[in-house]
Amino acid sequence: MADLMPALITGSDGNIYKLPPFMTQAHIDLLSNEFVIRDNDLFITTYLKAGTTWMQQIVQLLLNGGEQGDVHLSEAIPWIEGLFAGMYGGTARLFAAELPRRAFHTHLPYRLLPMAAHAKYIYVARNPKDVAVSYFHFATNFMDISYDGSWDEFFEAYVQGEVYFGSVFDHMREWWQASQQADNILFVTYEEMKRSLANVVAKVANFVGTSYDNDFLAHVVAQSSFMAMAKNPLANGSWLQQRANSPGHLRKGVVGDWQTHFTVTQKARLEEVQQQAWCDTELLSLLEE
Ligand code: A3P
């Protein structure tokens, strides 16, 4: 069975982190020790399936005067730990491209990602129940994973943090706590983006230093809608190879889809673990539907 057994990587803090198996200790050590963060580097940070691609699209448009550019979002705003593990041309990309402003995306836990006061970080969180459903469909349909466990098997592994990128609860809590201490980490939620995309786009524009008027804002919002992105081959994840009959990377794009998958027992189980991990009621209320 294709499972989701993660690679165990030791961080510089001595803790063990769970990453996809193609990432090695050497890759992560290289990232920690050799990557030089430049002024104004921008990182979109998420637990996977929380709205990474959506935020990549917003940032791509904001940094490019509203233009999509000629390459897909994972070329334009590459996966930093993926680059260090050899994807998308590997780290040579970092040095070959003299980009005026570099932007990356990452799923690394807070304590594995190199941090610098002169860089900016946008963290997107999403209700862990909806992340679970999105993650299950992604793991099942994305060719490189081709997970063939059942929903129930996936659910238990996910709640225990025995999946790629470990515990969703730790990931969100640690980035949330860090964002409370640092002006250079903007914390937004998928639910907030669904409620008012224009507000979030304006907030991100202010954070990254892009000036805008109403027309520009409306343009970015329109090009970042689910429908617009789903039709856009540079924004819809078409570069990620999917199994036949996959619903695609932009699967449903809604809040509350967990209700079509969770049993009553699973809801209670996840909420219990979440409650233990987040004695932080503010984080809980932020991610309410
Ligand atoms: P679903 O599987 O629930 O549909 P990531 O980019 O982090 O892998 O997250 C993918 C999830 O974000 C998918 O969730 C996808 O549909 C959703 N998503 C991507 N773009 C979106 C948009 N413009 N509006 C709403 N949801 C979006």
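Remember, it's 1-based here, ligands and their atoms both numbered in the order they're listed. Computed from a predicted structure; not experimentally measured. Along the sequence shown, the residues carry numbers beginning at 1.
Among protein heavy atoms, the minimum distance from atom 2 (O) of ligand 1 is reached at S134 OG, 2.6 Å. Among all protein heavy atoms, the one lying closest to atom 7 (O) of ligand 1 is T52 OG1, 2.5 Å. Remark: minimum distance from atom 19 (C) of ligand 1 to any protein heavy atom is reached at L250 CG, 3.8 Å. The nearest protein atom to atom 23 (N) of ligand 1, hydrogens excluded, is given as S224 O, 3.0 Å; this is a heavy-atom distance.
Between G253 and ligand 1, an N or O atom pair is found at a separation short of 3.5 Å. Looking at ligand 1, you won't find any N or O of K194 less than 3.5 Å from one of its N or O atoms. For ligand 1, one of its N or O atoms has an N or O atom of A50 under 3.5 Å away.
Looking at H107, R126, R251, it is R126 that brings a heavy atom closest to atom 11 (C) of ligand 1. Summarising the contacts of atom 27 (C) of ligand 1 with F142, F136, Y135, Y190, the nearest heavy atom is found in Y190.
Of all the atoms in ligand 1, the ones that sit under 4.0 Å from a non-hydrogen atom of T53 are 5 (P), 6 (O). Short contacts between ligand 1 and S225, defined as distances under 4.0 Å to a heavy atom of the residue, involve ligand atoms 23 (N). Close approach of ligand 1 to M229 (heavy-atom distance below 4.0 Å) involves ligand atoms 20 (N), 23 (N). Counting the atoms of ligand 1 from 1 in the order shown, those under 4.0 Å from a heavy atom of K49 are 5 (P), 7 (O), 8 (O), 9 (O), 10 (C).
Residues T46 and H107 have side chains that bring a donor and an acceptor to within less than 3.5 angstrom of each other.
A salt bridge links R173 and D170; the closest N-O separation between the charged side-chain nitrogens and carboxylate oxygens is under 4.0 Å. Look at D257 and R251 and you find a salt bridge, because one of the NZ, NE, NH1 or NH2 atoms lies within 4.0 Å of a carboxylate O, short of that distance.
With a heavy-atom cut-off of 4.0 Å, F138 does not touch ligand 1 at all. The parts of H249 lying near ligand 1 are both backbone and side chain, judged by heavy-atom distances below 4.0 Å.
We find the CG-OH distance between N15 and Y17 to be 4.0 Å, quoted to the nearest 0.5 Å.
Proximity of the aromatic rings of F187 and W176 is defined here by a centroid distance below 6.0 angstrom, and this criterion is met. The aromatic ring centres of H249 and H137 sit 6.0 Å or more apart.
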Step-by-step salt bridge (charged side-chain N to carboxylate O under 4.0 Å, His left out) determination, R195 to E191 | CA-CA 6 Å; R195 269 196 306 277; E191 290 71 18; over 6 Å; no

Given the rule in the salt bridge (charged side-chain N to carboxylate O under 4.0 Å, His left out) test, do R101 and D41 qualify, once you have shown the distances and angles that lead to the verdict?
-> CA-CA 6 Å; R101 174 110 190 231; D41 274 351; over 6 Å; no

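Residues V273 and W151 are members of one and the same hydrophobic cluster, defined by side-chain heavy-atom contacts under 4.5 angstrom among Ile, Leu, Val, Met, Phe, Trp and Tyr. Clustering ILVMFWY residues whenever any of their side-chain heavy atoms sit less than 4.5 angstrom apart, transitively, puts Y123 in the very cluster that holds W278.
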